[in-house]
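Just the heavy atoms: all of them, side chains too, but no hydrogens, waters or symmetry mates, feed the values below.
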Amino acid sequence: MSSILCDKEGYIELNGIVHWYRIAGAANATTPMVILHGGPGGNVYNFERTIGPKLESYSAVIYYKQRGCGRSESPKDSDDYSIPALVFDLERLRLVLGLDKMTLLGFSFGGELALEYSLAYPQNVDKLILQAPSIGIGRNERQSCVQLYGFQTLARYELLDKIREIINEPKPADERLANVWDIVKTETVDRFLFHDPEMAVVNRRMWEESNLVNTGLMYKALARQPVDIPLLDRIHAILVPALVMVGLYDRNVGVEICRDVAAAMPGGELVILEHSAHFLDIEETDKYAEIVERFLFEQ
């Protein structure tokens, strides 16, 4: 099965749900790079306008918004948000577009989804590019603790006292983290996610331009679903070349988790970008593009 792609934008039905997608850079005739956005419940709007054009200059790129995200249709039942459903949506995308293999580029939660797809359909993945991948969104105590203490390092005065109180509560880490997110304001969130405050402003401006909203429904649905075997304990079975990138100041996932993700895969490679936090695609766009190009074509 193979398909000749052309640049276009539109809607495609996957497993009974209409999804938005866009193909760009098709003239490069490479293995398509499918972009998996974060959130959960986010979108690719900002990614398309920052690192996207640079990736399109040397690779075929397929953007798509997951079920219930951006312009894509929402499932009627919130229980239809699940990792298996999202993985199967991606597989249907591959089949409908007639792709033999895909290179998956997932950022944040999208990296988690890329790993899950690679475990379910290893024969369909050419390479993996993981930007600060989560390892069990809302269901991983280690990652929740990274965020808790990340906020503590940024907070000052009364906010710091409140966060310390929450951290010391005898509750699961995910509950304590949810309580911290409830009290932090925009300024603190921007400092949490970005190293360069000017880039945080750029990011928020694009959010406003997009008119797209994260409803939070996907996150809530995924957070309450049990996990039999943690993702980090399964990815040793992923054998394809895998590039893991993380910003030195990432407080959302953290350098250590990304190091362990890269080390767990036989073909894993870790790159730390020294002047960015969670959104290295925005803060170090040129370097990001150069690293990805090297990974794709110099292996």
**OP:** Write down the atom of Gly68, the atom of Ser74, and the distance for their closest heavy-atom approach.
**Re:** CA-OG, 3.5 Å
**OP:** Carefully, step by step, assess Tyr288 and Gln131 under the rule side chain to side chain donor-acceptor pair (under 3.5 Å).
**Re:** CA-CA 10 Å; Tyr288 185 120; Gln131 175 186 332; 2.7 Å; yes
Subject >> salt bridge (charged side-chain N to carboxylate O under 4.0 Å, His left out) partners of residues 79-88, not counting sequence neighbours, each pair once >> reply: Asp79-Arg224
Original post:
Rounded to the nearest 0.5 Å, how far does CD1 of Ile129 lie from CG of Leu296?
Top reply: 4.5 Å
**OP:** Could you walk me through whether His278 and Asp250 pass the side chain to side chain donor-acceptor pair (under 3.5 Å) test, one step at a time?
**Re:** CA-CA 5 Å; His278 194 56; Asp250 191 313; 2.8 Å; yes
Original post:
Same cluster or not: are Leu193 and Ile257 linked, directly or through other Ile, Leu, Val, Met, Phe, Trp or Tyr residues, by side-chain heavy atoms under 4.5 angstrom apart?
Top reply: no
**OP:** Begin with the C-alpha distance, continue with both residues' side-chain angles, and end with the deciding distance and a verdict on side-chain contact (heavy atoms from CB on, under 4.5 Å) for Tyr219 and Tyr81.
**Re:** CA-CA 9 Å; Tyr219 179 91; Tyr81 289 114; over 6 Å; no
**OP:** Ignoring hydrogens and angles, tell me if any N or O in the side chain of Ser210 forms a donor-acceptor pair with the backbone of Leu212 under 3.5 Å.
**Re:** yes
Original post:
Quick one: NE2 on His19 to CG on Asp89, what's the gap to the nearest 0.5 Å?
Top reply: 4.0 Å
Original post:
Short question: side chain of Glu284, backbone of Ser276 - any donor-acceptor pair under 3.5 Å?
Top reply: yes
**OP:** Ignoring hydrogens and angles, tell me if any N or O in the side chain of Asn28 forms a donor-acceptor pair with the backbone of Gly25 under 3.5 Å.
**Re:** yes
Original post:
Are the side chain of Arg234 and the backbone of Leu119 linked by a donor-acceptor contact shorter than 3.5 Å?
Top reply: no
Original post:
So if you build clusters from Ile, Leu, Val, Met, Phe, Trp, Tyr with side-chain heavy-atom gaps below 4.5 Å, do Phe47 and Phe279 land together?
Top reply: no
**OP:** Using side chain to side chain contact (heavy atoms under 4.5 Å, CB included) as the criterion, list what pairs up with Val240, not counting sequence neighbours.
**Re:** Val125, Leu128, Ile238
**OP:** Show your reasoning for whether side-chain contact (heavy atoms from CB on, under 4.5 Å) applies to Leu36 and Leu105.
**Re:** CA-CA 6 Å; Leu36 304 178; Leu105 190 160; over 6 Å; no
Original post:
Between Ile183 and Ile163, is a side-chain contact (heavy atoms from CB on, under 4.5 Å) present by the stated rule, with each step listed?
Top reply: CA-CA 9 Å; Ile183 65 172; Ile163 289 176; 4.2 Å; yes
Original post:
Looking at Pro32 and Ile62, what are the two nearest heavy atoms and their distance?
Top reply: CB-CD1, 3.8 Å
**OP:** With rounding to the nearest 0.5 Å, note down the distance linking SG in Cys69 to OH in Tyr64.
**Re:** 9.0 Å
Original post:
When you look at CD of Glu187, are more than 12 heavy atoms from neighbouring residues, nucleotides or ligands closer to it than 6.0 Å?
Top reply: no
Original post:
Do Leu280 and Leu243 sit in the same hydrophobic cluster, where Ile, Leu, Val, Met, Phe, Trp and Tyr count as joined when their side-chain heavy atoms come under 4.5 Å apart?
Top reply: yes
**OP:** Using the six-membered ring of Phe295, assess whether NZ or CZ of Lys127 lies under 6.0 Å from its centre and within 45 degrees of the ring axis.
**Re:** yes
Original post:
More than 12 foreign heavy atoms under 6.0 Å from CD of Glu141: is that the case here?
Top reply: no
**OP:** Mind telling me whether Trp181 and Phe192 have parallel, tilted or perpendicular rings, with 30° and 60° as the class edges?
**Re:** perpendicular
Original post:
Does NZ or CZ of Arg49 fall inside the cone over Tyr45's six-membered ring, less than 6.0 Å from its centre and within 45° of the axis?
Top reply: yes
Subject >> Trace of the salt bridge (Lys or Arg N to Asp or Glu O under 4.0 Å) decision for Glu169 with Arg164 >> reply: CA-CA 9 Å; Glu169 290 175 351; Arg164 283 175 171 165; over 6 Å; no
**OP:** In sequence, state the C-alpha distance, the side-chain angles, and the governing distance for Asn252 and Gln147, and then conclude on side chain to side chain donor-acceptor pair (under 3.5 Å).
**Re:** CA-CA 5 Å; Asn252 195 61; Gln147 294 188 23; 3.2 Å; yes
Distance-only check: which donor-acceptor pairs under 3.5 Å involve side-chain atoms of residues 198-207, not counting sequence neighbours?
unit_1, atom_1, unit_2, atom_2, d
Asn203, OD1, Asn46, ND2, 2.8
Arg204, NE, Asp190, OD1, 2.8
Arg204, NE, Asp190, OD2, 3.0
Arg204, NH2, Asp190, OD1, 3.2

Original post:
Salt-bridged, Glu274 to Lys287, with N to O below 4.0 Å?
Top reply: no
Original post:
Should Val44 and Tyr11 be regarded as members of a common hydrophobic cluster, given that ILVMFWY residues are connected when their side-chain heavy atoms come within less than 4.5 Å of each other, either directly or indirectly?
Top reply: yes
Original post:
Does one hydrophobic cluster hold both Phe109 and Leu232, with members joined at side-chain heavy-atom distances below 4.5 Å?
Top reply: yes
**OP:** State whether the side chain of Arg176 and the backbone N or O of Lys171 hold a donor-acceptor pair below 3.5 Å, judged by distance alone.
**Re:** yes
**OP:** Return yes if some donor-acceptor pair links the side-chain N/O of Lys54 with the main-chain N/O of Asp286 below 3.5 Å, else return no.
**Re:** no
**OP:** List the atom of Asn214, the atom of Gly41, and the distance in Å for their closest heavy-atom pair.
**Re:** CG-O, 3.2 Å
**OP:** Mind checking the CZ-CG spacing from Arg94 to Asn124? Nearest 0.5 Å is all I need.
**Re:** 3.5 Å
**OP:** Please name the pair of heavy atoms, one in Cys258 and one in Ala132, separated by the smallest distance, quoted to 0.1 Å.
**Re:** SG-CA, 3.7 Å
Original post:
Is there a donor-acceptor contact under 3.5 Å from the side chain of Glu73 to the main chain of Ile17?
Top reply: no
**OP:** Ignoring hydrogens and angles, tell me if any N or O in the side chain of Asp233 forms a donor-acceptor pair with the backbone of Ile229 under 3.5 Å.
**Re:** no
Original post:
Does the Gln225 side chain pair with the main chain of Ala221, one donor and one acceptor, at a distance under 3.5 Å?
Top reply: yes
Original post:
Does a salt bridge link Glu165 with Lys162, judged by any charged N lying under 4.0 Å from a carboxylate O?
Top reply: no
**OP:** Show the numbers, then the answer: is there a salt bridge (Lys or Arg N to Asp or Glu O under 4.0 Å) between Arg92 and Glu13?
**Re:** CA-CA 9 Å; Arg92 287 298 303 166; Glu13 185 175 318; over 6 Å; no
Original post:
Is Glu256 atom CD crowded by more than 12 heavy atoms from other residues, nucleotides or ligands, each under 6.0 Å away?
Top reply: no
**OP:** With ring-ring contact (aromatic ring centres under 6.0 Å, His included) as the test, would you mind laying out the steps for Tyr63 and Trp20 before giving the verdict?
**Re:** CA-CA 8 Å; Tyr63 304 96; Trp20 174 92; 7.2 Å; no
**OP:** Measure across Thr285 and Thr50 and return the closest heavy-atom pair with its distance rounded to 0.1 Å.
**Re:** CG2-O, 3.7 Å
Subject >> Donor-acceptor contact present, side-chain His236 to main-chain Pro266, <3.5 Å >> reply: no
**OP:** Run the salt-bridge test on Asp260 and Arg142 with the 4.0 Å N-O cut-off and return the result as yes or no.
**Re:** yes
**OP:** Decide yes or no for Pro133 and Val244: does some side-chain heavy atom of the first lie under 4.5 Å from some side-chain heavy atom of the second?
**Re:** yes
Subject >> salt_bridge(Arg22, Glu56) N-O dist < 4.0 Å >> reply: yes
Original post:
About how many Å separate CD1 of Ile12 and CG of Leu97, when rounded to the nearest 0.5 Å?
Top reply: 4.5 Å
Subject >> Other residues, nucleotides, ligands: >12 heavy atoms within 6.0 Å of Glu158 CD >> reply: no
Subject >> Spatial distance of atom CG (Leu113) from atom CG (Leu104) [nearest 0.5 Å] >> reply: 8.0 Å
Subject >> Derivation of the side-chain contact (heavy atoms from CB on, under 4.5 Å) call for Tyr117 and Glu91 >> reply: CA-CA 8 Å; Tyr117 179 89; Glu91 172 61 3; 2.5 Å; yes
